[in-house]
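Please read the structure below before turning to the comments.
Just follow the structure's listing: the first ligand is 1, and inside any ligand the first atom is 1. In what follows, every heavy atom counts, from backbone to side chain, and hydrogens, waters and symmetry copies are set aside. All figures in this text were calculated on a predicted structure; none of them were measured in a lab.
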Amino acid sequence: MSGQFSAEISKKEQISADIFRLTLVAPEIADKARAGQFVMLRAGAALDPLLSRPFSIHQRMADGRIQVLFKVFGEGTRRLANLEPGQVVGVVGPLGRGFSLQSGERICLVGGGMGIAPLFFLARELLRRAEPPEEIVVLLGARTAADLRQLAREFEMMGLHPRLATDDGTLGHGGLIPELLPLHLSGDKYQVYCCGPTPMMAAVASHCAARQWPCQVSLETMMACGISACLGCAVKTTTKTDGYAHVCKDGPVFAATDIVWPS
Ligand SMILES: Cc1cc2nc3c(=O)[nH]c(=O)nc-3n(C[C@H](O)[C@H](O)[C@H](O)COP(=O)(O)OP(=O)(O)OC[C@H]3O[C@@H](n4cnc5c(N)ncnc54)[C@H](O)[C@@H]3O)c2cc1C
Ligand code: FES
């Protein structure tokens, strides 16, 4: 069950010129959250509800705090980036269906851009399992080094060694993230968890489908309500009788094979 809360910002970090991380005191959400779920956030508890925006739960702390990691795009994210510790945000969550964790396998996490955000929570959940995976390969990509350097370092601090790609070649492989898959995954079967821009996820889904590897994708659509009331987040799937699923309720995480990818 999700709920609507006011959460105090306990910490604000600037990761790069336009990427920020907020730590929120939200014990009700932290208690229930699962990796891959999201929250609807708005800057100011009583301000314009039209400025609610969806963000993955980036990390969950044992002391009842959660984190969101976001990039400034427009008005909603600009307002959030202007907030300071001590101020309050309106938050609804945890929402949606998260990742389904499999045990004792070879795992690959693939994150592009802000799609990296939910992979922190997922990686920590995988690492603390009673039976952790045999191997976790982490593949991360971004436009440029500045967007990736600190996040990659934080994966290193978890004991993981991410392989990196940047569009402009300033860090790691110069090129697109899907190009990393054949370079770093051997012929064995992997369980792949992926979040990022749709073309990237479509390419990863296709790579996995060709090898019959299970792949879960976390979709990022536009969302007005986040609670299945506006129909704004429909995606075409192979599983629903009317052909469409709601990302906010049926997702954001889906089996990659259930999605009808744009060609
Ligand atoms: C389930 C889910 C989880 C998300 N998690 C994160 C996260 O962890 N970190 C993060 O930075 N972002 C995340 N997003 C995307 C985030 O919600 C948008 O960046 C945000 O809503 C933009 O709001 P804005 O008011 O700043 O921009 P707007 O003024 O609403 O839009 C500015 C521009 O960005 C484009 N845009 C807005 N939303 C998206 C989107 N989802 N995908 C592509 N383009 C978009 C618009 O078309 C427009 O051109 C997530 C989205 C979903 C659906
Ligand atoms: S965002 Fe309104 S129905 Fe999904």
Side-chain angles (χ1 to χ4, degrees), residues 2 12-24 29 33-44 47-60 66-83 89-99 109 111-123 140-143 147-148 150-151 154 193-202 216-237 240 242 244-254 259 262:
S2 65
K12 173 183 173 181
E13 295 161 86
Q14 185 159 9
I15 306 295
S16 70
D18 54 2
I19 298 178
F20 293 83
R21 176 157 52 205
L22 294 181
T23 303
L24 308 174
I29 294 176
R34 295 187 50 188
Q37 288 189 298
F38 67 100
V39 291
M40 294 295 286
L41 266 194
R42 68 176 189 276
L47 293 181
D48 186 354
L50 292 176
L51 281 172
S52 276
R53 297 288 186 265
F55 298 96
S56 302
I57 299 171
H58 167 53
Q59 306 210 68
R60 172 184 58 178
I66 60 167
Q67 290 184 323
V68 291
L69 177 77
F70 64 93
K71 186 167 200 155
V72 175
F73 272 111
E75 184 61 12
T77 46
R78 191 184 58 73
R79 286 192 189 205
L80 287 171
N82 285 336
L83 294 174
V89 290
V91 53
V92 179
L95 295 167
R97 292 190 185 175
F99 293 106
L109 309 183
M114 285 299 95
I116 295 172
L119 302 185
F120 275 76
F121 190 174
L122 178 60
L140 306 178
R143 273 181 313 125
D147 288 351
L148 203 51
Q150 180 169 339
L151 300 176
E154 291 178 9
Y193 299 90
C194 180
C195 187
T198 302
M200 178 277 254
M201 289 199 288
Q216 296 177 40
V217 290
S218 181
L219 301 186
E220 286 192 9
T221 53
M222 301 296 275
M223 277 187 191
C225 71
I227 53 166
S228 194
C230 74
L231 309 182
C233 64
V235 285
K236 207 159 175 23
T237 64
K240 292 278 177 178
D242 66 355
Y244 288 90
H246 290 165
V247 172
C248 67
K249 182 177 103 226
D250 303 312
V253 178
F254 294 87
I259 301 299

Legend entry - Partners passing salt bridge (charged side-chain N to carboxylate O under 4.0 Å, His left out) against R97 (at least two apart in sequence or in another chain):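 R97 satisfies salt bridge (charged side-chain N to carboxylate O under 4.0 Å, His left out) with no other residue.
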Legend entry - Any N/O pair M222/ligand 1 closer than 3.5 Å: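 No.
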Legend entry - N/O separation below 3.5 Å, R78 to ligand 1: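 No - when backbone and side-chain N and O of R78 are compared with those of ligand 1, no distance drops under 3.5 Å.
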Answer yes or no for [atom]: protein heavy atom present at a distance under 4.0 Å?
| atom | answer |
| --- | --- |
| atom 44 (N) of ligand 1 | no |
| atom 18 (C) of ligand 1 | no |
| atom 7 (C) of ligand 1 | yes |
| atom 51 (C) of ligand 1 | yes |
| atom 21 (O) of ligand 1 | yes |

For [X] and [Y], work out which heavy atoms get closest and say how close.
| X | Y | result |
| --- | --- | --- |
| Q37 | P94 | OE1-CB, 3.5 Å |
| L151 | F120 | O-CZ, 3.6 Å |
| C194 | M201 | SG-CG, 3.5 Å |
| T221 | C233 | OG1-CB, 3.5 Å |
| E13 | Q67 | OE2-NE2, 3.9 Å |
| S56 | V68 | O-CG1, 3.7 Å |

Inset, instruction - Would you tell me which option among M223, H58, E75, R53 has the nearest heavy-atom contact to atom 30 (O) of ligand 1? - result: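 Looking at heavy atoms only, R53 sits closest to atom 30 (O) of ligand 1.
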Inset, instruction - Just go through F38, F20, F73, F55 and tell me whose heavy atom is the nearest to atom 34 (O) of ligand 1. - result: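 Selected option, by shortest heavy-atom distance: F73.
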Legend entry - Per-atom contacts of ligand 1 with M114, taking only distances under 4.0 Å to non-hydrogen atoms: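 Atoms satisfying the 4.0 Å criterion: 9 (N), 10 (C), 11 (O).
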Legend entry - Where ligand 1 meets A117 - atom numbers and elements under 4.0 angstrom, heavy-atom basis: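 That gives atoms 8 (O) of ligand 1.
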Could you grab the distance from atom [atom1] of [X] to atom [atom2] of [Y], nearest 0.5 Å is fine?
| X | Y | atom1 | atom2 | value |
| --- | --- | --- | --- | --- |
| L22 | L80 | CG | CG | 6.5 Å |
| C195 | L109 | SG | CG | 11.0 Å |
| T237 | L219 | OG1 | CG | 10.5 Å |

Inset, instruction - Let me know which of Q59, Q14, K12 forms a side chain to side chain contact (heavy atoms under 4.5 Å, CB included) with R21. - result: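 When Q59, Q14, K12 are each tested with R21, the side chain to side chain contact (heavy atoms under 4.5 Å, CB included) holds only for Q59.
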Inset, instruction - Report yes if some heavy atom in the side chain of V253 is under 4.5 Å from a heavy atom in the side chain of V217; otherwise report no. - result: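 With C-beta onward as the side chain, the pair stays apart.
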Legend entry - V72 side chain reached by I19 side chain, heavy atoms, under 4.5 Å: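 I19 vs V72: side chains apart.
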Legend entry - Region of L69 engaging ligand 1 - heavy atom pairs below 4.0 Å: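 Near ligand 1, L69 shows its backbone, while the atoms from C-beta on stay back.
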Legend entry - Residue portion contacting ligand 1 (non-hydrogen atoms closer than 4.0 Å) for S56: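 For S56, the contact with ligand 1 is made by both the backbone and the side chain.
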In the protein, what heavy atom is nearest to [atom], and what distance, to one decimal place, separates them?
| atom | answer |
| --- | --- |
| atom 26 (O) of ligand 1 | T77 OG1, 2.3 Å |
| atom 11 (O) of ligand 1 | K71 N, 3.0 Å |
| atom 28 (P) of ligand 1 | G74 CA, 4.2 Å |
| atom 13 (C) of ligand 1 | P54 O, 3.8 Å |
| atom 53 (C) of ligand 1 | T221 O, 3.0 Å |
| atom 42 (N) of ligand 1 | E220 O, 4.2 Å |

Legend entry - Pairing residues for F38 by the ring pair (Phe, Tyr, Trp, His ring centres under 6.0 Å) criterion, not counting sequence neighbours: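 Per chain and number, F38 pairs via ring pair (Phe, Tyr, Trp, His ring centres under 6.0 Å) with no residue.
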Legend entry - Qualifying salt bridge (Lys or Arg N to Asp or Glu O under 4.0 Å) pairs, either residue in residues 66-76, two or more places apart: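 Non-adjacent pairs meeting salt bridge (Lys or Arg N to Asp or Glu O under 4.0 Å): K71-D147, E75-R78, E75-R79.
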Legend entry - Distance below 2.8 Å from atom 4 (Fe) of ligand 2: protein N/O/S atoms: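 Protein N, O or S atoms closer than 2.8 Å to atom 4 (Fe) of ligand 2: C233 SG, C248 SG.
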